[in-house]
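Everything below concerns the one structure shown next.
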Amino acid sequence: MTGVYTIPDLGPSDLTTTPRENTRRFKVEEQLTSFAEGRQFRAFYNTSIANNQSFVVKVVAPVNGILQNVSMVLHSGDVTLSTRAGGTEGGIFIEDVPTFPKNRQTTALPYTRQFVLSSGGTQTGGIEVDNVRLVVAGATAQRQSVSTNIEERGVQPGVYYWVFTNASNATADVNFSAWWGEYP
């Protein structure tokens with residue numbers, strides 16, 4: 001007897017991660033459903049920060065999300081990265097932070113990014129929810145890039161700021177990147 005054996009779609013249950021057909025995952029898998037559904041994004045920014053100045057990235061998050069990773073690589077200077085919720089902003093923020101879907105395959109479901117990242121303004125106050133500091137040796141012969149990562153955080157809807165402050169007497173060169181999943 002020959003024939004084709006097919007396994008029907010299991011349908012939503014407590015064993016799958018979503019009721020959406022074709023993107024369901026068994027909960028034992030390491031891969032996040034948000035990747036298959038095109039709801040993961042990554043952003044990066046390279047900048048130089050003058051001595052005793054700050055650079056601010058504003059994040060408007062209208063939906064829940066999981067911030068999987070924030071990474072800072074410092075090539076020179078003494079920079080503190082403070083993550084703040086709320087507070088008072090000033091100046092003009094421009095949506096200029098390069099942001100891309102993590103899954104750019106043709107099989108990814110259409111999804112419009114909700115989080116908006118911009119830079120250019122200032123920020124004071126608010127609630128500090130993370131703080132890391134990196135310092136690069138000042139002597140040329142001892143200089144070596146250093147890096148840090150902030151790992152997985154659940155994020156509720158709101159306005160957040162990544163404030164990079166250079167406490168050194170010279171310009172700081174910073175590479176910044178982040179990736180997250182959105183859960184509307």
Side-chain angles (χ1 to χ4, degrees), residues 3-47 55-74 81-87 89 92-121 123 126-132 147-164 174-184:
V4 177
Y5 179 76
T6 59
I7 299 174
D9 190 15
L10 295 175
S13 74
D14 290 340
L15 298 177
T16 61
T17 59
T18 181
R20 288 186 179 171
E21 290 187 33
N22 299 322
T23 61
R24 291 187 186 116
R25 302 284 185 263
F26 284 109
K27 290 184 179 180
V28 296
E29 287 188 16
E30 289 186 27
Q31 182 66 290
L32 296 172
T33 303
S34 57
F35 180 82
E37 292 183 346
R39 294 183 287 109
Q40 286 185 6
F41 298 90
R42 60 186 178 84
F44 67 90
Y45 206 94
N46 302 320
T47 190
F55 172 76
V56 181
V57 174
K58 175 182 175 181
V59 180
V60 177
V63 298
N64 285 317
I66 297 178
L67 180 62
Q68 294 289 342
N69 186 282
V70 175
S71 174
M72 178 174 65
V73 178
L74 183 62
L81 167 56
S82 173
T83 304
R84 301 176 187 168
E89 67 179 59
I92 298 171
F93 283 90
I94 300 167
E95 192 177 336
D96 64 346
V97 179
T99 305
F100 305 94
K102 283 193 72 183
N103 183 356
R104 298 180 69 165
Q105 299 176 81
T106 58
T107 56
L109 295 175
Y111 176 81
T112 302
R113 173 175 53 94
Q114 303 291 309
F115 285 27
V116 176
L117 282 67
S118 55
S119 72
Q123 192 275 346
I127 299 168
E128 187 172 62
V129 295
D130 265 314
N131 185 302
V132 295
S147 65
T148 189
N149 292 307
I150 299 170
E151 299 287 332
E152 191 175 48
R153 304 281 190 270
V155 178
Q156 67 185 10
V159 179
Y160 302 90
Y161 302 87
W162 286 309
V163 181
F164 301 81
V174 177
N175 298 103
F176 162 78
S177 65
W179 76 271
W180 66 93
E182 298 179 359
Y183 298 87

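The basis for the numbers below is simple: all heavy atoms, side chains too, and nothing from hydrogens, waters or symmetry mates.
Considering every non-hydrogen atom in both Asp96 and Ser119, the closest pair reads OD1-OG, 2.7 Å. Annotation for Gly86 and Gln123: closest pair O-NE2, 2.9 Å, computed over non-hydrogen atoms. Taking both residues in full, the closest heavy atoms of Ala108 and Gly38 are given as CB-CA, 4.4 Å, listed atom of the first, atom of the second, then distance.
In this structure, Val70 and Thr83 have side chains that are not in contact, with every pair of non-hydrogen atoms separated by 4.5 Å or more. The shortest distance between side-chain heavy atoms of Arg113 and Trp180 falls below 4.5 Å. The shortest distance between side-chain heavy atoms of Leu81 and Trp162 falls below 4.5 Å. With contacts defined as side-chain heavy-atom distances shorter than 4.5 Å, the pair Ser34/Lys102 does not qualify. The side-chain heavy atoms of Tyr161 and Lys58, taken from C-beta on, include a pair separated by under 4.5 Å.
Of the possible polar contacts, none joining the Asn64 side chain to the Tyr183 backbone as a donor-acceptor pair under 3.5 Å is found. Here the side chain of Thr99 pairs a donor or acceptor atom with the backbone of Val97 at under 3.5 angstrom.
To the nearest 0.5 Å, atom CD of residue Glu37 and atom CG of residue Asn103 are 10.5 Å apart. One distance of note links CD of Gln40 with CH2 of Trp179; it measures 4.5 Å at 0.5 Å rounding. Of the inter-residue distances, the one linking Leu117 atom CG with Tyr160 atom OH reads 13.0 Å to the nearest 0.5 angstrom. Distance check, rounded to the nearest 0.5 Å: CD of Glu152 to CD of Gln68 gives 4.5 Å.
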**Message:** If you apply the rule side-chain contact (heavy atoms from CB on, under 4.5 Å), what do you find for Asp130 with Arg153, and how did you get there?
**Reply:** CA-CA 10 Å; Asp130 265 314; Arg153 304 281 190 270; 3.2 Å; yes
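Using cut-offs of 30° and 60° for the angle between ring planes, the Phe41 and Tyr111 rings count as tilted.
When the options Phe164, Tyr45, Phe55, Phe44 are evaluated for a ring-ring contact (aromatic ring centres under 6.0 Å, His included) with Phe176, the one that passes is Phe164. In summary, of the residues considered (Val63, Thr112, Val155), a side chain to side chain contact (heavy atoms under 4.5 Å, CB included) with Glu182 occurs for Val63 alone.
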